[in-house]
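A short worksheet on the structure shown next.
By convention here, the first residue in the shown sequence is residue 1.
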Amino acid sequence: QVQLVESGGGLVQAGGSLRLSCVASGRTFSRYAMGWFRQAPGKERVFVAAVSWSGGTTHYADSVKGRFTISRDNAKNTMYLQMNSLKPEDTAVYYCASDRRTYSYYSADAGLYDYWGQGTQVTVSS
């Protein structure tokens with residue numbers, strides 16, 4: 001059974017930083033692209049960032065480009081999201097997800113992800 005477990009969320013002031021982690025188990029992590037999505041209260045879940053199976057290709061939503069960095073360590077079955085210069089509008093529950101396709105580069109389409117974590121809350125105060 002595939003499991004994704006996020007951690008690292010919390011409360012931070014605007015301008016601060018957080019690093020989220022997502023540990024995967026249950027299938028060969030290194031074969032699958034991974035992504036981060038977020039959902040703010042009363043809004044739909046939206047794409048944040050994605051990384052290819054190898055870690056060599058990344059893709060970001062315009063709203064986080066230049067502030068967030070996605071990475072992965074296939075030896076540790078772990079994906080990361082380094083979030084800098086946080087803004088109040090970054091407040092949301094952040095979810096990690098695993099692409100259903102093997103050896104893909106990345107996708108911003110939530111429908112292409114088949115496993116999701118439980119989410120971790122990020123709150124940015126002004």
Side-chain angles (χ1 to χ4, degrees):
Q1 181 176 351
V2 177
Q3 285 192 314
L4 302 176
V5 180
E6 303 100 333
S7 62
L11 173 64
V12 64
Q13 288 189 330
S17 298
L18 283 174
R19 188 173 86 152
L20 306 184
S21 298
C22 172
V23 179
S25 61
R27 68 182 182 187
T28 307
F29 178 75
S30 60
R31 292 179 181 175
Y32 299 89
M34 298 288 293
W36 288 98
F37 292 75
R38 67 186 182 187
Q39 186 168 19
K43 296 188 177 181
E44 294 185 351
R45 190 174 300 188
V46 298
F47 171 76
V48 175
V51 60
S52 63
W53 61 275
S54 67
T57 303
T58 57
H59 180 59
Y60 298 91
D62 288 343
S63 59
V64 307
K65 204 171 292 184
R67 299 187 298 122
F68 290 11
T69 302
I70 189 171
S71 62
R72 65 190 296 162
D73 184 338
N74 285 343
K76 296 182 178 179
N77 288 353
T78 303
M79 175 179 65
Y80 305 97
L81 185 68
Q82 178 66 44
M83 305 186 295
N84 299 329
S85 303
L86 282 161
K87 304 175 181 180
E89 51 263 43
D90 294 318
T91 295
V93 177
Y94 283 71
Y95 298 90
C96 69
S98 179
D99 196 314
R100 67 176 67 247
R101 306 163 297 170
T102 54
Y103 302 114
S104 62
Y105 284 99
Y106 59 77
S107 176
D109 180 356
L112 289 176
Y113 292 81
D114 56 355
Y115 290 100
W116 295 79
Q118 82 289 349
T120 185
Q121 176 70 47
V122 171
T123 303
V124 184
S125 63
S126 57

Closest heavy-atom contact between [X] and [Y]?
X	Y	answer
Gln118	Val5	OE1-CA, 3.8 Å
Leu18	Gly8	CD2-O, 3.8 Å
Tyr113	Ala50	OH-CB, 3.7 Å
Gly117	Tyr95	O-CD2, 3.5 Å
Ser104	Asp99	OG-OD2, 3.1 Å
Cys22	Leu4	SG-CB, 4.0 Å

Problem - Distance under 6.0 Å and angle within 45° of ring axis: Arg72 vs Phe29 - result: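 The answer is yes; both the distance and angle limits are met.
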Could you measure the distance from the [atom1] atom of [X] to the [atom2] atom of [Y]? Nearest 0.5 Å is fine.
X	Y	atom1	atom2	answer
Glu6	Leu81	CD	CG	11.0 Å
Arg27	Gln1	CZ	CD	12.0 Å
Trp53	Ser30	CH2	OG	8.0 Å
Gln13	Leu86	CD	CG	11.5 Å

Practice task
Please assess Ser63 against Arg38 for the test side-chain contact (heavy atoms from CB on, under 4.5 Å), listing each intermediate value before the final yes or no.
Solution key: CA-CA 12 Å; Ser63 59; Arg38 67 186 182 187; 3.6 Å; yes
Practice task
Would you confirm whether Arg67, through its side chain, and Ser85, through its main-chain N or O, come within 3.5 Å as a donor-acceptor pair?
Solution key: yes
Practice task
Using modelled atom types only, decide if a donor and an acceptor are shared between the side chain of Thr91 and the backbone of Val124 within a distance under 3.5 Å.
Solution key: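 Yes, Thr91 side chain to Val124 backbone: donor-acceptor pair under 3.5 Å.
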Practice task
Could you state whether Leu112 and Tyr103 fall into the same hydrophobic cluster, counting links through intermediate Ile, Leu, Val, Met, Phe, Trp or Tyr residues with side-chain heavy atoms under 4.5 angstrom apart?
Solution key: no
Handout entry: Verify same cluster id: Tyr94, Val51 (apolar side-chain graph, 4.5 Å)
Key = yes
Exercise for the section: Count the heavy atoms belonging to other residues, nucleotides or ligands that lie under 6.0 Å from CZ of Arg31, then report whether that count exceeds 12. Expected result: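 Atom CZ in Arg31 is not crowded, with 12 or fewer foreign heavy atoms closer than 6.0 Å.
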Problem - Lys65/Asp62 salt bridge by N-O under 4.0 Å criterion - result: yes
Handout entry: Positive for side chain to side chain contact (heavy atoms under 4.5 Å, CB included) with Tyr80, one of Leu20, Asp73, Thr69
Key = Asp73
Problem - side-chain contact (heavy atoms from CB on, under 4.5 Å) between Met83 and Val48, intermediate numbers included - result: CA-CA 11 Å; Met83 305 186 295; Val48 175; over 6 Å; no
Handout entry: Heavy-atom side-chain contact between Met34 and Ile70 under 4.5 Å
Key =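 Sidechains of Ile70 and Met34: no contact.
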Check for me whether the distance between the ring centres of [X] and [Y] falls short of 6.0 Å.
X	Y	value
Phe47	His59	yes
Tyr32	Tyr115	no
Trp36	Phe68	no

